[in-house]
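Chain naming here is simple, since letters A, B, ... match the order of the sequence lines and numbering starts at 1 in each.
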Amino acid sequence: MQYDHKGIEEKWRAEWRKRGTYRVENDMSKPKYYVLDMFPYPSGAGLHVGHPLGYIASDIVARFKRHSGFNVLHPMGYDSFGLPAEQYAIQTGQHPAKTTEVNIARYREQLDNIGFSFDWDREVRTSNPDYYKWTQWIFLQLFDSWYDHEQRKAKPIAELVQRFAQWGWSGGDAGALTGDVEEELGPFTANDWNAFEERAQQRILQNFRLAYLSEAWVNWCPALGTVLANDEVKDGVSERGGHPVERKRMPQWSMRITAYAQRLLDGLDALDWSESIKEAQRNWIGRSEGALVKFKLKEVAGDIEVFTTRPDTLFGVTFVTLAPEHELVEVITPPDRREEVMAYVTTAKNRSERERMTEVKRVSGVFTGAYCIHPFTGKEVPIWVGDYVLGGYGTGAVMAVPGGDQRDWNFATHFGLPIIAVTEGADIHKEADERKDATISSEGFLKGLKVPDAIKRAMDELVKLGAGERRINFRLRDAAFGRQRYWGEPIPIYYKDGVPHALPESELPLVLPEVDKFLPTEDGEPPLARATNWSYNGHPLETTTMPGWAGSSWYFLRYMDPQNEGRFASADAINYWQQVDLYVGGSEHATGHLLYFRFWTKFLNDRGWLPFDEPAKKLVNQGMITAFSERILLYRIGGSGESRGTSFILYGDGTKDYRPITLSQSVQQFLSSDLHEKYFKGKERDHYVEVNIPTECVHDDVVDIPAMLRIRPDLNDAVFIASHGWYWHGHNQWDIERNELVVGQSSSFRFTSVKEPLIEKMSKSKYNVTNPDAIIEKYGADTLRLYEMFLGPLEQSKPWDTNGIEGTSRFLKKFWNLFYESDVYSVSDEAPTKAEFKALHATLKKVTEDIERMSFNTSVSQFMIAVNQLGELKCHKRDVLEPLTIALAPFAPHIAEELWSKLGHTDSVTGAKWPQWDAQYLVEDNFSYPISFNGKTRMQLEFPIALDAKSVEAAVLANPEVQSRLEGKMPKKVIVVPKRIVNIVV
RNA sequence: GCCCGGGUGGUGAAAUGGUAGACACGAGGGACUUAAAAUCCCUUGGCCCGUAAGGGCUGUGCGGGUUCAAGUCCCGCCCCGGGCACCA
């Protein structure tokens with residue numbers, strides 16, 4: 001009987017569902033193992049072969065752990081709130097819940113086809129009210145908490161209120177406050193507090209709550225009409241869609257993640273996560289140790305506080321620079337400078353983040369006219385404003401040391417400010433000296449000290465003078481939490497007299513209301529403001545919704561107890577399942593999800609809801625599956641800007657006056673044209689259009705135009721030269737360096753690639769996706785699973801190449817054939833031979849070790865080796881095939897299940913005990929030693945394995961061939977590495 | 001600029017300091033077949049010697065070093081991928 005993947009796979013998937021094979025109970029009597037995948041956002045495009053890579057890996061581990069006696073939690077769900085569904089809704093009017101539903105059904109179907117061992121009874125969806133009830137509940141806990149920096153722990157806000165009522169607040173107690181404080185918060189006494197109106201009290205408390213409302217600088221994206229968190233902005237544009245982002249000050253819900261900065265940093269050391277992810281998080285948190293230095297103002301009372309990591313360079317300070325946003329700018333500027341300074345501040349503030357970034361090189365600033373006093377020398381130091389100083393970091397002011405900091409040097413040079421050399425051997429005429437192993441040379445008590453010693457000395461002095469203190473700064477910002485959007489969790493807050501109040505727990509879930517349109521209101525309010533009666537007891541409800549990362553920051557807990565109505569998960573369930581043992585997902589979440597995930601876990605732990613404070617012990621990042629893309633280069637005829645209804649040809653000169661010409665002529669013309677000139681100078685890009693075309697329409701660098709137009713009707717209006725059904729193209733035909741095009745035979749319209757093939761991320765919009773359904777249809781899910789694992793190391797990104805799949809497909813057929821002789825099922829109970837046992841146990845050993853290391857590509861190779869060996873031995877024996885079937889089951893569950901039942905078992909192979917390998921079968925009778933003379937291998941000799949190194953040495957030297965090589969001389973040295981090699985040094 | 005990864009055949013890749021290139025794809029040759037598909041066998045890093053059996057040299061980005069022995073360890077470069085970035 002032939003291996004019929006379709007019949008087998010369908011049969012077993014139905015059977016697993018019927019039997020509930022993968023249902024998991026919270027069975028406390030068994031050891032647990034929790035394998036979690038990052039759940040997907042169900043997009044309209046469906047899955048491509050890149051998506052399941054991590055799921056397959058985690059499924060193998062989950063199945064392996066089941067065979068090894070663990071009670072395995074291996075769930076799946078959907079991160080189903082998000083932007084694309086909402087944007088689709090805006091365009092079509094279709095409710096996002098509907099499209100989400102449809103997309104989930106499609107995802108489920110595709111996932112099911114791959115044969116995962118998920119327990120679907122535990123599925124979660126973040127957009128489901130039963131789920132987001134608890135997301136809202138956690139939000140309320142955060143709202144109800146403050147961070148006690150002395151005990152490094154979040155506590156109920158009621159405790160803080162009690163403290164205030166009893167002791168008041170000492171105000172500027174540095175370090176007790178973190179994050180973006182709405183206003184400078186002065187000290188107050190207990191009596192003050194008790195006398196405050198509730199409104200004022202609540203206002204103060206906002207400065208302490210972990211979820212808080214404040215007037216804050218936010219990343220505002222006008223195109224998306226919403227605020228974005230820092231990790232959602234890349235290079236000044238939105239991560240989704242690439243729209244420009246500006247800084248804007250507005251009332252905003254935020255999460256005080258900064259309170260946890262140090263703990264998020266410290267916690268990394270103990271985690272079994274990849275070094276690159278940990279490093280990315282460390283960078284993002286950006287801890288730096290330094291000093292807070294106070295410069296007394298000359299004209300008015302008060303100080304300018306600056307943060308520096310280099311107090312050793314204090315004697316090199318020649319000016320102080322404030323960020324344009326700095327509140328002192330207005331205070332200190334004398335009236336005669338006011339106009340000029342404020343004009344600068346206004347333009348600087350209005351420059352978008354993107355402009356500011358792209359114009360990093362441009363130096364701009366203005367002198368305020370005011371001075372401050374140097375804490376060591378007592379000299380006057382001029383105060384400048386410059387936009388190279390960031391308002392959001394440190395104190396928003398820096399002491400400028402042009403001799404020791406390149407940015408200060410640039411500023412000083414531009415404005416002709418004095419530059420003092422701070423280090424020995426520095427050439428301050430050319431650049432600043434930023435070396436951290438130099439010796440201080442500036443006049444003063446630090447002269448002659450090495451930088452590290454000078455830092456200590458300067459620090460001590462600052463503390464003594466009361467002019468500064470040690471300070472640790474973090475780059476991490478509080479996370480913007482409110483989104484001006486519809487498709488997200490409503491924030492359970494109502495406003496009484498403009499003061500935010502928590503909605504009572506009994507009112508949860510606060511269900512997303514129906515609205516007539518998913519757009520902002522005419523006066524710019526978020527979509528929820530369109531809902532009728534969006535209020536609680538007559539008080540208006542919050543109209544922004546939570547960001548995408550809210551629901552995904554705690555979902556691993558819900559899987560433990562998904563139906564619980566009274567708690568996000570029962571204490572018993574949490575105590576049993578504990579942390580995720582293995583978390584698998586993409587590395588693109590390094591500074592987003594994975595940080596928030598850890599933050600919420602730490603918070604819930606602080607408040608006593610969890611017995612652990614890190615969500616996942618081990619994290620593995622699967623690499624991206626990339627794909628070859630096919631592009632053609634088109635030149636647009638006509639003016640710029642019109643993208644629709646425009647004709648395309650290979651060559652156009654920017655006018656409508658063109659004539660079709662032969663390919664080689666057009667190429668020649670193009671190359672000699674000034675358009676080409678212009679294009680490569682980066683100008684007139686409007687004429688140049690690079691279009692991704694479906695990879696399946698390209699064969700041997702020749703494009704099948706009719707087929708392409710069926711998939712890309714948007715190109716229907718294009719005119720193609722030589723469009724007799726075929727069209728030339730190549731991978732990146734233009735060699736920009738050599739500035740030439742390599743043309744094959746002009747008659748066949750073929751191009752030879754001059755550059756590497758184009759490899760990019762698999763994506764629907766790039767027309768380079770491979771759908772797993774098509775692969776499964778042709779080869780089966782088991783083949784797909786094996787092939788995805790075989791492609792290469794899990795963590796590495798690698799290009800998909802469907803051709804290679806034949807190898808794994810052949811392997812499964814060969815494996816199947818071990819159970820058959822001339823198409824008749826035949827497995828004998830005969831005792832296996834030594835060689836057969838060896839093939840089996842070598843495989844068991846390698847596969848067992850490989851799964852522990854998550855090195856699946858090498859396991860698959862080992863299976864192939866075993867099947868080749870057993871095929872050659874014509875081994876059809878139960879004692880070999882049965883353990884091998886169990887070992888293969890995690891990788892290829894369907895075929896394993898079928899063969900398991902053929903072996904006479906009525907239960908699922910899932911319950912079979914993992915076969916142990918036995919070293920006795922791997923021991924050889926003899927060993928072939930390569931004999932090297934002076935490191936060059938000359939001959940092989942065989943010896944019994946039992947010989948020790950000394951005996952081998954003696955036997956080798958006694959060998960006549962060796963003796964003839966030695967020509968009677970005694971070797972200087974003989975090295976025998978047991979069972980490996982003999983090296984003779986002559 | 002700083003911080004992490006990584007560089008091995010035509011390709012994806014293996015290799016506790018111990019015979020580099022396992023396994024697979026692709027390519028070439030052959031068997032079976034009326035033919036095709038499927039299957040099976042042989043060759044396949046490069047160069048060289050030999051009719052053949054076989055043998056030699058060379059080879060893991062580049063240059064040094066440690067070692068009997070280096071893809072692997074150390075030092076210095078080059079290149080590629082990723083993270084952070086006017087962060088003081």
Give a yes or no answer on whether the side chain of A:K294 reaches the backbone of A:E305 with a donor-acceptor pair at less than 3.5 Å. no

When all nucleic acid strands are considered with a 4.0 Å heavy-atom cut-off, which category describes A:Q796: base, sugar-phosphate, or nothing? sugar-phosphate

Taking any heavy-atom pair under 4.0 Å as a contact, classify A:I975: base, sugar-phosphate, or nothing. base

Using the C1' atom on both, measure B:rA15 against B:rA69 and round to a whole Å. 16 Å

Counting the atoms with a prime plus P, OP1 and OP2 as sugar-phosphate, which does A:I981 contact under 4.0 Å by heavy atoms, base, sugar-phosphate, or nothing? base

Between the side chains of A:E821 and A:K874, is the shortest nitrogen-to-carboxylate-oxygen separation below 4.0 Å, so that they form an ion pair? no

It should be established whether A:S932 places a side-chain nitrogen or oxygen under 4.0 Å from OP1 or OP2 of nucleotide B:rG18. no

Which class fits the ring pair A:Y929 and A:F943: parallel under 30°, tilted 30 to 60°, perpendicular over 60°? perpendicular

Please check if atom CD in A:E961 has more than 12 non-hydrogen atoms from other residues, nucleotides or ligands closer than 6.0 Å. no

Whole angstrom value for the distance that separates C1' of B:rA22 from CZ of A:F790: 10 Å

May I have the distance from A:E806 (atom CD) to B:rG26 (atom P), rounded to whole angstrom? 7 Å

For B:rC84, does the base pair up with any side-chain atom of A:N283 as donor and acceptor (N or O, under 3.5 Å, distance only)? no

Categorize A:N473 for me: base, sugar-phosphate, or nothing, with a 4.0 angstrom heavy-atom threshold over every strand shown. nothing

Sugar-phosphate only, base, or nothing, as touched by A:P799 at under 4.0 Å among non-hydrogen atoms: nothing

Please work out if A:N857 contacts a base, only the sugar-phosphate, or nothing of the nucleic acid, heavy-atom cut-off 4.0 Å. sugar-phosphate

Touch class at under 4.0 angstrom, heavy-atom based, for A:S274 against every strand present: nothing

In terms of side-chain geometry, is the basic nitrogen of A:E806 or A:K813 positioned less than 4.0 Å from the acidic oxygen of its partner? no

Base-pairing assignment for B:rU72 (Watson-Crick or G-U wobble, both under 3.5 Å): none

Span that lies between the C1' atom of B:rU67 and that of B:rG17, in whole angstrom: 9 Å

For B:rA20, what is the paired nucleotide under Watson-Crick or G-U wobble rules, both distances under 3.5 Å? none

Please classify the nucleic acid contact of A:R282 as base, sugar-phosphate, or nothing, using heavy-atom distances under 4.0 Å. nothing

Rounding to the closest angstrom, what is the interatomic distance between B:rG61 and B:rG12 at atom P? 14 Å

When rounded to the nearest Å, what value does the distance between P atoms of B:rG28 and B:rC79 take? 38 Å

Rounding to the closest angstrom, what is the interatomic distance between B:rU72 and B:rU66 at atom C1'? 14 Å

C1'-based separation of B:rC23 from B:rG30 [nearest Å]: 23 Å

Could you work out the separation of B:rA53 and B:rC49 based on their P atoms and round it to a whole Å? 16 Å

Could you tell me which nucleotide pairs with B:rA52 by Watson-Crick or G-U wobble geometry, both distances under 3.5 Å, or answer none if nothing does? none

Heavy atoms under 4.0 Å, any strand shown: does A:K436 hit a base, just sugar-phosphate, or nothing? nothing

Suppose you measure atom C1' in B:rU19 against the same atom in B:rC68; what distance do you get, rounded to whole Å? 15 Å

Relative to the ring of A:F411, is the ring of A:Y388 parallel (under 30°), tilted (30 to 60°) or perpendicular (over 60°)? tilted

Whole-Å distance separating the NZ atom of A:K813 from the C1' atom of B:rC40: 14 Å

Closest approach to the side chain of A:P930, judged atom by atom: which nucleotide of B:rA88, B:rU19, B:rG83 is it? B:rU19

Can you measure A:E588 atom CD to B:rG81 atom C1' for me and round it to whole angstrom units? 15 Å

Tell me what A:V977 touches on the nucleic acid: a base, only sugar-phosphate, or nothing, going by heavy atoms under 4.0 Å. base

Re B:rU8: Watson-Crick or G-U wobble partner, both distances kept under 3.5 Å, found to be none

Applying salt bridge (charged side-chain N to carboxylate O under 4.0 Å, His left out) to A:K845 and not counting sequence neighbours gives A:E849

